[in-house]
Amino acid sequence: MPTIEKLSINTATTKTQFDLPQAIKSYAAAGVHGIAPWRDLVQATGPAETRRLLDGEGMTVSGLCRGGMFPAADAAGRQAAIDDNRRAIDEAAAIGAACLVLVCGSLPRGSKDIDGARTMVEDGIGAVLEEARDKNVPLAIEPLHPMYAGDRNCVNTLHQALDICDRLDPNREGGLGVAIDVYHVWWDPELVPQIRRTGKQRLLAFHICDWLIPTRDLLTDRGMMGDGVIDIPAIRAEIEAQGYLGLNEVEIFSSEDWWLRPGDIVVQTCVQRHATMV
Ligand code: ZN
């Protein structure tokens, strides 16, 4: 079972309870020195002040959430998305994030052209890849469960994400890889061979939670590790067999349960379940 040094908490897990300074304090007080903040929290605190608070508690940033959302109905919209991703790269660099997580986006309003959206995603990532490399902020494409293919993300399997990596970075120069979130990929019959295909260099982040039966909300009813049906230790073992040295990042959107509980209790539960169920 993993030690607490491997644990990171994504601030979405305590979205209703903590702002960024409170989250940093609470996680650190529980012995958790990994964190993955969302951009709105970093912007509210300011990147420089965020860095100061993180350093003060000895925090490691497993990723900044999030860039992406590349498709748009017209060229101006696509350019605006690229510009926003450049700002996200700067913010990630300023806080020392291990990667910038990309939730890539999908169909512009009114469109039914998912292949077109996928092209826009690849073009968008390609447009910012050099800058990400220059600033030492690897881009982590996060495939999302196909239930989000219409709106949040048209990259829906690890296979698809790795194909994009192969096309944009054919010589494995780096700066581009994947975030593997058990919630999105656990069901995939190709998961294990695709993890083996990923390899250490492209394994940029590992997100954990659980899949509840039943799931009552497609977005905000993720389970705490151990409460659902995902064999998290088996997936972690495959990832670590590739040489993954990063953190295990707890990311739980839970309007029905965990967002209703006191934040410190949520953090303590993450610590306990990470030690026993991951
Ligand atoms: Zn995730």
Side-chain angles (χ1 to χ4, degrees), residues 6-15 23 27 32 34-42 60-70 85 88 92 97-106 121 125 137-149 151-162 164-165 176-188 191 194-195 198 202-212 215 217-225 227-228 230 232 235-236 238-239 244 246-255 258-259 266 270 273-274 277-278:
K6 294 294 272 185
L7 175 59
S8 173
I9 299 179
N10 184 299
T11 59
T13 307
T14 53
K15 179 188 171 81
Y27 301 176
V32 179
I35 187 170
W38 280 63
R39 286 182 71 199
D40 58 336
L41 297 192
V42 172
T60 298
V61 180
S62 55
L64 176 66
C65 282
R66 59 184 173 21
M69 296 293 164
F70 292 105
N85 276 274
C99 63
L100 174 65
V101 172
L102 300 182
V103 172
C104 294
S106 192
V121 164
I125 296 170
V137 176
L139 303 175
I141 302 171
E142 181 168 0
L144 256 54
H145 191 285
M147 66 183 168
Y148 303 116
D151 49 6
R152 290 175 193 280
N153 197 348
C154 56
V155 179
N156 305 107
T157 62
L158 188 52
H159 188 145
Q160 202 188 342
L162 291 171
I164 295 172
C165 293
L176 184 61
V178 295
I180 294 181
D181 186 325
V182 299
Y183 190 75
H184 296 301
V185 302
W186 69 276
W187 57 274
D188 185 349
L191 180 59
Q194 292 301 320
I195 289 173
T198 306
R202 287 182 173 165
L203 267 170
L204 300 178
F206 181 46
H207 298 175
I208 53 176
C209 66
D210 217 331
W211 184 281
L212 299 175
T215 291
D217 183 288
L218 295 184
L219 192 60
T220 62
D221 192 26
R222 295 188 183 203
M224 180 64 69
M225 297 80 72
D227 289 344
I230 303 177
I232 303 169
I235 300 174
R236 182 173 68 84
E238 285 294 339
I239 284 171
Y244 177 69
L247 302 181
N248 306 318
E249 177 183 320
V250 178
E251 184 184 35
I252 300 174
F253 304 82
S254 175
S255 58
W258 298 99
W259 284 352
V266 177
C270 289
R273 297 295 183 85
H274 179 254
M277 296 291 176
V278 173

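Just so it is clear, the values below take in all heavy atoms, side chains as well, and ignore hydrogens, waters and symmetry mates. In listed order, ligands and their atoms are each counted from 1.
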Indicate if the distance from the Zn ion (ligand 1) to the nearest N, O or S atom of His207 falls below 2.8 Å. yes
With distance as the sole test, does Arg152 use its side chain to make a donor-acceptor pair with the main-chain N or O of Val103 at under 3.5 Å? no
Tyr148 vs His184 aromatic rings, parallel, tilted or perpendicular, using cut-offs 30° and 60°? perpendicular
Would you indicate whether the side-chain heavy atoms of Cys270 and Met224 approach each other to under 4.5 Å? yes
Which atom name would you report as the N, O or S atom of Glu142 nearest the Zn ion (ligand 1)? OE2
Over 12 non-hydrogen atoms of neighbours within 6.0 angstrom of NZ in Lys15: no
Name, closest N/O/S atom of Asp181 to the Zn ion (ligand 1): OD2
How about Glu251: does one of its N, O or S atoms come closer than 2.8 Å to the Zn ion (ligand 1)? yes
